[in-house]
Amino acid sequence: MFQDIIDYLLDFGIWGLFIHSFADAVFFPIPAFFLQVPLSLLHPSNALWLATVGYIACLLGTPFGYLIGKVLGHSVLYKLLKKSWVDSATKMFQKSGETAILIGSFTPIPFKVFTILSGAMKFPLWRLLAYAAIGRAVKFYAVGLLFYFYGKAAENMVDDVSLYIFVIAVPLLVVFLLVRKRLSKKRKQSVEIEAE
């Protein structure tokens, strides 16, 4: 059924990717990656443009996923997605919402889990958008750049690149967030010392 929808959207080209990417951030269980790759394969010279459209649509859909989470809470996630995805995303989110969103941008867990979960857990929307902007840019543009530079040969590289992005980017993001947290703590302590 979902493959039929993707095939249908493929006929609409870039507009199909826009719709799919928007829906990916809101409710559709199949990531936009599965439409971005075949479209990039058809027209490698347009791969960066496709990445841009997919990226923008995903960011535009993010507040709608957030709103669903805010209004309907966790219950909607269990109806839309696998329980294991929701449970692992919730655990990540409880430890650190920022890290969960950034890492969630790279994992196989559909991104809408994090947009809806952000709303359900009352995570600030502006922070969701900021972290989604970073993570989703890497995801969309890694595929776009591959097809732009390597053309149709990139089809065989995409799976490996997704793994490399995850393996390299996630530790870097975690280190960045830990350093930022430590600096924030130091600033807070210095302000408290000055106040005394």
Side-chain angles (χ1 to χ4, degrees), residues 1-62 64-65 80-82 84-86 88-89 92 99-116 128-176:
M1 175 189 150
F2 291 122
Q3 187 57 50
D4 293 337
I5 295 170
I6 292 171
D7 291 342
Y8 179 74
L9 290 172
L10 187 61
D11 292 338
F12 291 93
I14 203 160
W15 288 107
L17 180 61
F18 183 91
I19 292 164
H20 190 165
S21 298
F22 184 92
D24 177 29
V26 183
F27 64 88
F28 195 62
I30 309 297
F33 170 84
F34 291 98
L35 188 59
Q36 183 189 5
V37 169
L39 283 172
S40 298
L41 190 59
L42 286 171
H43 306 287
S45 60
N46 290 340
L48 291 177
W49 176 235
L50 288 165
T52 302
V53 167
Y55 172 67
I56 290 169
C58 181
L59 291 183
L60 290 174
T62 296
F64 290 91
L80 290 174
L81 303 161
K82 291 181 184 178
S84 61
W85 287 346
V86 177
S88 62
M92 284 170 59
T99 308
I101 293 165
L102 283 168
I103 292 173
S105 298
F106 305 105
T107 65
I109 299 171
F111 190 61
K112 82 238 5 93
V113 172
F114 297 95
T115 62
I116 295 171
L128 168 65
L129 286 167
Y131 288 108
I134 296 165
R136 301 312 276 174
V138 173
K139 186 87 171 176
F140 277 102
Y141 284 104
V143 173
L145 286 166
L146 261 183
F147 278 98
Y148 184 77
F149 287 115
Y150 295 101
K152 296 188 178 190
E155 182 181 19
N156 301 322
M157 303 177 200
V158 171
D159 290 337
D160 293 337
V161 168
S162 294
L163 177 65
Y164 294 141
I165 289 170
F166 183 75
V167 169
I168 294 167
V170 170
L172 287 175
L173 291 170
V174 169
V175 168
F176 164 75

Exercise for the section: Kindly compute the distance separating CZ (Phe140) from OG (Ser21), expressed to the nearest 0.5 Å. Expected result: 4.0 Å

Practice task
Taking all heavy atoms of Tyr55 and all of Ala137, pick out the closest pair and write down the distance.
Solution key: CE1-N, 3.3 Å

Handout entry: Identified side chain to side chain contact (heavy atoms under 4.5 Å, CB included) partner of His43 from the options Leu41, Asn46, Leu39
Key = Asn46

Practice task
Could you check if a side-chain atom of Pro44 sits within less than 4.5 angstrom of a side-chain atom of Tyr150, using non-hydrogen atoms only?
Solution key: no

Exercise for the section: Apply side-chain contact (heavy atoms from CB on, under 4.5 Å) to Thr115 and Val26, showing your working. Expected result: CA-CA 7 Å; Thr115 62; Val26 183; over 6 Å; no

Exercise for the section: Taking Lys112 for its side chain and Asp24 for its backbone only, find out whether a donor-acceptor pair lies under 3.5 Å. Expected result: yes

Completion exercise
Of all heavy-atom pairs linking Pro38 and Phe33, the shortest is CD-O, 4.4 Å

Problem - Heavy-atom neighbours of Tyr141 OH exceed 12 at 6.0 Å - result: yes

Exercise for the section: Can you see which heavy atom on Gln36 is nearest to which on Gly144, and at what distance? Expected result: NE2-N, 3.8 Å

Practice task
Could you tell me the separation between the CD1 atom of Ile134 and the CG atom of Leu129, rounded to the nearest 0.5 Å?
Solution key: 11.5 Å

Handout entry: OH/Tyr148: more than 12 non-hydrogen atoms of other groups inside 6.0 Å
Key = no

Exercise for the section: Show your working on side-chain contact (heavy atoms from CB on, under 4.5 Å) between Phe12 and Leu17 and close with a plain yes or no. Expected result: CA-CA 8 Å; Phe12 291 93; Leu17 180 61; over 6 Å; no

Handout entry: From CD1 (Ile56) to SG (Cys58), nearest 0.5 Å
Key = 11.0 Å

Problem - Spacing of CZ belonging to Phe34 relative to CG belonging to Leu10, to within rounding of 0.5 Å - result: 14.0 Å

Practice task
Search all heavy atoms of Leu9 against all heavy atoms of His20 and return the closest pair with its distance.
Solution key: CD1-CB, 3.8 Å

Fill in the blank from the handout: Nearest heavy-atom approach of Leu146 to Ala154 is O-CB, 3.5 Å

Completion exercise
To the nearest 0.5 Å, atom CZ of Phe64 lies from atom CD1 of Ile116 at 13.0 Å

Exercise for the section: Given side-chain contact (heavy atoms from CB on, under 4.5 Å), test Leu50 with Ile14 step by step and report yes or no. Expected result: CA-CA 6 Å; Leu50 288 165; Ile14 203 160; 3.8 Å; yes

Handout entry: Proximity of Phe28 and Phe22 rings by center, below 6.0 Å
Key = no

